[in-house]
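Structure record follows, encoded as structure tokens.
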Amino acid sequence: MSAVLEPAAPATPAVRSAPVPAASPNQRAWARFRRNRLGYVSLWLFGVLLLLTTAAELVSNDRPIVARIHGQWVAPMFSNPSEKALGGDFATGTDWKDPFITELLAQPGHWALFTLNPHSADSIDYFDPQMPPAAPSARNWLGTDSKGRDLVARLVYGFRVSVWFALALTVVGTAIGVAAGALQGYFGGKVDLLLQRAIEIWGALPELYLLIIFASIFEPSLLLLLILLSLFGWIGLSDYVRAEFLRNRGLEYVKAARALGLSNRQIIWRHVLPNSLTPVITFLPFRMGAAILALTSLDFLGLGVPASVPSLGELLKLGKENLDAWWIIVSAFMLLVLTMLLLTFIGDALRDAFDTRKS
């Protein structure tokens, strides 16, 4: 018998898979940053701290967020009613730690939703049985300072002031430093020579003396400190940007851009600047840490923000003046150490992420 041959199945055409697009340098850098677990976790922790302290009024406040008294809804956090409006005797704003208010809220149908920490940065609990500075207790988790203010609230609000001031100072100083370094490195020649001599003269000015002089003339404020520190905080960064521009301006892609007729502004903005930002991005966390320490040091010396503004430097100063109240200086010191460690770990991770020699 002859074998019956079945018709062969038609060949299935090979399906070509779509080419996988190559990762960009920034994507590869972000992947290397995420592999650094310490830096990645530090970034998340710092972001959570910044988010919580930015909304400090919702975290630590001596007024409740909302309350219901005598059948009426009130929002004391935004508009604090008078005690007389709640059935008391005084026409001034309600002190929500007053025993009269406490007894009122304990009655049926009356309640108030307080924040996690029922203290503000400047509020003083006049009904605290302990004399300030009070040790840590259930009423004040980290104790109070020599003026009777809650330390948790002072730390929360002080951290917000320090970090946002450092962010503003970093942005302003980075912008000035990048602009100065780009002009020097790209044009070179007489422009580089003149600007370098001017920077050397400007950097030789005594910054601390200028701060003392201006602090004695003008009323201290965050804006004044931001302006004064920004005048000198860009000098170190401009040197790195200048070196990057000097290296990149002679590469082939810059020569090709010139041959195509692009203007200097277009070449700088589109080609040279994006390839010269590695030291800028790497130094951002370290510059923020330096700005926080600068503000803390000035506050400690009495040259920083006004006394009405909560700050970490003021807490260190109060801790030095009240060495027996160890909880003041320990809490402020530990928060500073934690902040510096987080920023250092983030900076180290960024440095490794933008290092092309690392796989």
Just how far is it from atom [atom1] of [X] to atom [atom2] of [Y], taken to the nearest 0.5 Å?
X	Y	atom1	atom2	result
Glu244	Arg247	CD	CZ	4.5 Å
Phe345	Leu38	CZ	CG	4.5 Å
Leu262	Arg265	CG	CZ	10.0 Å
Arg154	Thr144	CZ	OG1	11.5 Å
Leu303	Leu225	CG	CG	8.5 Å
Ser60	Leu52	OG	CG	12.0 Å

Other residues, nucleotides, ligands: >12 heavy atoms within 6.0 Å of [X] [atom1]:
X	atom1	value
Glu200	CD	yes
Arg197	CZ	yes
Glu219	CD	no
Phe333	CZ	no
Tyr240	OH	no

If we only count heavy atoms from C-beta on, is the [X] to [Y] side-chain gap below 4.5 Å?
X	Y	result
Ile69	Leu104	yes
Leu50	Leu167	yes
Leu316	Leu312	no
Val163	Phe46	yes
Asp145	Glu314	no
Tyr253	Asn275	yes
Ser146	Leu318	yes
Asn264	Phe187	yes

For [Y], does its backbone N or O pair with a side-chain atom of [X] as donor and acceptor, under 3.5 Å?
X	Y	value
Arg351	Thr282	no
Ser123	His119	no
His110	His70	yes
Ser276	Val241	no
Arg32	Ala353	yes
Trp141	Asp150	no
Ser230	Leu169	no
Trp234	Leu231	yes
Arg68	Trp111	no
Ser238	Ile235	yes

*Passes side-chain contact (heavy atoms from CB on, under 4.5 Å), Val178 versus Leu273? Steps please.*
CA-CA 9 Å; Val178 169; Leu273 181 60; 3.7 Å; yes

*Qualifying residue for salt bridge (Lys or Arg N to Asp or Glu O under 4.0 Å) with Asp125, from Arg139, Lys97, Lys147, Arg149*: Arg139

*Hey, are Ser120 and Asn61 close enough side-chain-wise for a donor-acceptor pair under 3.5 Å?*
yes

*For residues Trp164 and Thr53, is any side-chain donor paired with an opposing acceptor at under 3.5 Å?*
no

Linked, directly or transitively: [X] and [Y] (ILVMFWY side chains, under 4.5 Å):
X	Y	result
Leu341	Val330	yes
Ile328	Val309	yes
Leu246	Val254	no
Ile213	Phe218	yes
Val59	Val161	no

*Check the pair Phe354, Leu277 against side-chain contact (heavy atoms from CB on, under 4.5 Å), reporting the backbone distance first and the verdict last.*
CA-CA 10 Å; Phe354 282 91; Leu277 290 179; over 6 Å; no

Parallel, tilted or perpendicular: which one describes the rings of [X] and [Y], with boundaries at 30° and 60°?
X	Y	result
Trp202	Phe232	parallel
Phe33	Trp30	parallel
Trp44	Tyr40	perpendicular

Can you name the closest pair of heavy atoms from [X] and [Y] and give their distance?
X	Y	result
Asp98	Glu83	OD2-OE1, 4.0 Å
Thr174	Leu237	CA-CD2, 3.7 Å
Ala56	Val156	CB-CG1, 3.7 Å
Leu343	Pro285	O-CB, 3.4 Å
Ser162	Ile292	O-CG1, 3.9 Å
Ser331	Leu151	OG-CD1, 3.9 Å

*Evaluate the side-chain contact (heavy atoms from CB on, under 4.5 Å) criterion for residues Phe114 and Met77: first the C-alpha distance (whole Å), next the side-chain angles of each, then the deciding distance (0.1 Å), finally the verdict.*
CA-CA 10 Å; Phe114 284 89; Met77 182 177 294; over 6 Å; no

*Pick out which of Asp62, Thr102, Asn80 makes a side chain to side chain donor-acceptor pair (under 3.5 Å) with Trp96.*
Asn80

*Test side-chain contact (heavy atoms from CB on, under 4.5 Å) on Val305 and Phe165 and set out the steps.*
CA-CA 11 Å; Val305 298; Phe165 176 84; over 6 Å; no

